Amino acid sequence: MDLRSSDRPSARGPRSAPQSRNPGAPKGRQVEESTVDDVRAILRPMPIRRDMLIEALHVVQDRIGYIHARHIAALAEIFRLAQAEVHAVASFYHHFDIVKEGQMPPAPLTVRICESLSCHMAGADALAAAMEAATDPGKVRIVKVPCIGRCDAAPAAQVARRAIDNATVESLTEALGGPRTPDIAAYETLDAYRAEGGYGTLAKILSGEISADDAIRIMSDAKLRGLGGAGFPAGRKWGFVRSYPGPRLMTINGDEGEPGTFKDRHWLERRPHLMLEGALIAAKIVEAERIYLYMRDEYQGVLEILRREIAALDRAGLTHVPIELRRGAGAYICGEESAMIESIEGKRGLPRHRPPYIAEVGLFGRPTLNHNIETLLWVPTILQDGAEAFAKMGWDEKHAGMRSFSVSGRVKEPGVKLAPAGIPLIRLIEDYCGGMAEGHTFKAFLPGGASGGIFPASMADLAMDFGTFEPHSGFIGSHAVVILSDADSIHDAALNTMRFFRHESCGQCTPCRSGTDKMVRLMEHGDLDHDLAADLMTVMRDSSICGLGQAASNCVAHLLQHFPEDVK
């Protein structure tokens, strides 16, 4: 007998018959033509381009409530992509609910309850548990989620697309039967903004009354820095992007996902045209051909405001370049500029290796100017009033301009506080926030959100500005200030930040992916080994690709350094 024969006996018994398939169809998962037709109809009139994949996933989920495997297959057919590639993109983002074959779709209504630090301090865990006990899981899904940018109204939640501030079991239960569309804040419209002289500075730029060189000089003299976290001088950035040959593009990062940050939402819900005019000015200076505005999906009300006002700008003939609005999908890492660019291109939001920097090779391989929302809203004022007028607004001659501080936690009056750059934290608390909340004694603070570190109250006389906290292994970043009191465990606060970073790590590099998980498990185990934790933090800081892994353990380092009595 020829043992190479397919008829040879097997120790595992006789072979099962091969699975039959239609010989006229290709191998692999089949695409249902009816589903393809349905998805095409849902997407119409969206242009079918590779960079529109994430928006297409949004549109399908908005319409159906989830994304089934058959929809993944249909999108792959429509976009001429591999099904594995579409699934890889969809599964990267937290807001897409993927339903596999044979699985039940999620409940028809989802309640998202924020569990990041400010909301955690305000009782989010107990609220989520109470809601799970009070609702039918077949009708309502309760999900604990990372920061949703409403830290001043903790605990914050969302019922479908509607935000619920200072949420309670009663208010959430009532919201289950109420409207599910976003509540639109009262904001300054285009007509109201123009009535006060709005877009006058843009007119001077377009006419040449203010030249590009003059604008760059004024911005540099004003000492405006990027207010999304990195703090890079805005004027120098304009000069760098202009130095590279075109065509050029511009991106706006509205994905403020740092726990404790909500200043961009504050401004866009009130005065969106300050930012939009600043964006159109910056695009003209660097001669960008298109502006891509990337806004976090949690800000449903802001998204609607921007849709309305960008359309109003188009009708008024004020958009000398197109402004394209893109939605994030619940990935903190897309706040990193290169990861955001990957997301705009319709891909997973994985940070790029640098160099080259995006000023040279950015969106679609073109030189790209990227700015934060707050940075842009200062541009019209600075160019109109002059560099000196802005610079002298600082706390003293060492600090320039005004800043929007997002303040949450144990203060009487949390919220966005417009205050001079360099103001000591204690003055911010006492003069702008009404002091500490009743019955609470100031114990610690985070100057720059979860990644900026956590410092004792004894350091509250330090200037709140770039460069102040770096010598102490921290930073002010996006100016997200969280105040803790004697009622709070610093260990629990640091553990909350580490759980956040573990959840939000993109997984591209091992030091961040495994390091955040290892640190969480060390802290949960108790009796934290200082030497082991220090070694792990060194590896994460020195070897991670981007700032997430490099800064993720800052709060743990400060726990060990400043609060040894709180270590568990």
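None of the values given here were measured: they were computed from a predicted structure.
- Of the inter-residue distances, the one linking R326 atom CZ with D297 atom CG reads 14.0 Å to the nearest 0.5 angstrom.
- E336 has a carboxylate O that lies under 4.0 Å from a charged side-chain N of R354, or vice versa, which qualifies the two as a salt bridge.
- Residues P351 and C546 come closest through the heavy atom pair CG-SG, 3.8 Å.
- Electrostatic pairing of R352 and E342 counts as a salt bridge here, judged by a charged N lying under 4.0 Å from a carboxylate O.
- What you find for A167 and A157 is that their closest heavy atoms are CB-CB, 4.1 Å.
- The closest donor-acceptor contact from the side chain of Q300 to the backbone of R161 lies at 3.5 Å or more, if one exists at all.
- By the 4.5 Å heavy-atom criterion applied to side chains, L528 and L560 are counted as neighbours.
- Looking only at side-chain heavy atoms (C-beta outward), V407 and D152 stay at 4.5 Å or farther from each other.
- F96 approaches I54 most closely through the heavy-atom pair CZ-O, 3.8 Å.
- The closest donor-acceptor contact from the side chain of S406 to the backbone of K263 lies under 3.5 Å.
- For the pair S544 (side chain) and M540 (backbone), a donor-acceptor distance under 3.5 Å is present.
- Look at K392 and E388 and you find no salt bridge, because none of the NZ, NE, NH1 or NH2 atoms lies under 4.0 Å from a carboxylate O.
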* Can Q61 and L57 be said to form a side-chain contact (heavy atoms from CB on, under 4.5 Å), step by step? -> CA-CA 6 Å; Q61 175 142 317; L57 289 163; over 6 Å; no

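- Here the side chains of M459 and H472 are in contact, with some heavy-atom distance below 4.5 Å.
- Closest approach of V379 and G278 over heavy atoms only: CB-CA, 4.0 Å.
- Taken to the nearest 0.5 Å, the CZ atom of F500 stands 14.0 Å off from the CG atom of L495.
- Side-chain atoms of N554 come within 3.5 Å of backbone atoms of S451 as a donor-acceptor pair (strictly under, hydrogens ignored).
- With sequence neighbours left out, the side chain to side chain donor-acceptor pair (under 3.5 Å) criterion links W395 to no other residue.
- Annotation: E438, atom CD; neighbour count of heavy atoms from other residues, nucleotides and ligands within 6.0 Å does not exceed 12.
- Y292 pairs by the side chain to side chain donor-acceptor pair (under 3.5 Å) definition with nothing, not counting sequence neighbours.
- Scanning for side chain to side chain donor-acceptor pair (under 3.5 Å) contacts around Q561 gives an empty result, with sequence neighbours left out.
- Looking at I476, V482, I483 one by one, the single match for side chain to side chain contact (heavy atoms under 4.5 Å, CB included) with L446 turns out to be V482.
- With contacts defined as side-chain heavy-atom distances shorter than 4.5 Å, the pair L274/Y193 qualifies.
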* L559/D566 under side-chain contact (heavy atoms from CB on, under 4.5 Å): CA gap, chis, key distance, verdict -> CA-CA 7 Å; L559 165 69; D566 276 27; 4.1 Å; yes

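- Defined by atom type and a distance below 3.5 Å, a donor-acceptor pair is missing between the side-chain atoms of E188 and H273.
- Closest approach of G349 and C506 over heavy atoms only: O-CB, 4.4 Å.
- Ion pair D465/R403 flagged as a salt bridge, since at least one NZ, NE, NH1 or NH2 atom sits closer than 4.0 Å to an Asp/Glu carboxylate oxygen.
- Applying the side chain to side chain donor-acceptor pair (under 3.5 Å) test to H558 and every residue at least two apart in sequence or in another chain returns nothing.
- Among T375, N372, D264, L293, the one residue that satisfies the side chain to side chain contact (heavy atoms under 4.5 Å, CB included) test with M275 is L293.
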* Should M295 and L268 be marked as a side-chain contact (heavy atoms from CB on, under 4.5 Å) after you check the CA-CA gap, both sets of side-chain angles, and the distance that decides it? -> CA-CA 11 Å; M295 183 56 54; L268 293 175; 3.4 Å; yes

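- When atom types are taken as modelled, the side chain of D183 and the backbone of I164 share no donor-acceptor pair closer than 3.5 angstrom.
- Atom NE2 of H530 has more than 12 neighbouring heavy atoms from other residues, nucleotides or ligands inside a 6.0 Å radius.
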* To do: Report the C-alpha distance between M498 and V556 in whole Å, list the side-chain angles of each, state the deciding distance to 0.1 Å, and finish with yes or no for side-chain contact (heavy atoms from CB on, under 4.5 Å).
  => CA-CA 8 Å; M498 282 309 310; V556 181; 3.4 Å; yes

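- Once rounded to the nearest 0.5 Å, the distance linking OH of Y294 with CD of E337 reads 13.5 Å.
- Only one option out of F466, F469, F262 pairs with H479 in a ring pair (Phe, Tyr, Trp, His ring centres under 6.0 Å); it is F466.
- No salt bridge links K443 with D488; every basic N to acidic carboxylate O contact stays at or beyond 4.0 Å.
- A side-chain hydrogen bond (donor to acceptor under 3.5 Å, both in side chains) check over residues 123-135, counting only residues at least two apart or in different chains, returns the pairs H120-D125.
- Taking a cutoff of 4.0 Å between a charged side-chain nitrogen and a carboxylate oxygen, E196 and R271 do not qualify as a salt bridge.
- Not one N or O on the side chain of Q158 forms a donor-acceptor pair closer than 3.5 Å with the backbone of I148.
- A heavy-atom distance below 4.5 Å is found between the side chains of L418 and S404.
- Contact check on R521 versus D517 returns a salt bridge, with a Lys/Arg side-chain nitrogen under 4.0 Å from an Asp/Glu carboxylate oxygen.
- Put simply, the side chain of R162 gets close to the backbone of T181: a donor and an acceptor are under 3.5 Å apart.
- In this structure, OG on S478 lies 5.0 Å from CD on E258, to the nearest 0.5 angstrom.
- Looking only at side-chain heavy atoms (C-beta outward), Y432 and F405 stay at 4.5 Å or farther from each other.
- In this structure, E277 has no salt bridge (Lys or Arg N to Asp or Glu O under 4.0 Å) partners at least two apart in sequence or on a different chain.
- Two residues are said to be in side-chain contact when any heavy atoms from C-beta on lie closer than 4.5 Å; I184 and R308 meet this criterion.
- Between C114 and A124, the shortest heavy-atom contact is O-CB, 3.0 Å.
- With rounding to the nearest 0.5 Å, the separation of NE2 in H58 from CZ in R327 is 5.0 Å.
- Looking at E470, its side chain does come within 3.5 Å of a backbone N or O of G467 through a donor-acceptor pair.
- Residues H399 and M464 form no side-chain contact, since every pair of their non-hydrogen atoms from C-beta on lies 4.5 Å or further apart.
- Using modelled atom types, one side-chain atom of T168 and one backbone atom of S171 make a donor-acceptor pair closer than 3.5 Å.
- For the residue pair S505/R513, the side-chain donor-acceptor check at 3.5 Å is not satisfied.
- With no hydrogens or angles considered, a side-chain donor-acceptor pair links Y299 and E256 at under 3.5 Å.
- Side chain to side chain, T251 and N370 meet the donor-acceptor criterion of an N or O pair below 3.5 Å.
- C334 contributes atom SG, which lies 4.5 Å from atom OH of Y93 (distance to the nearest 0.5 angstrom).
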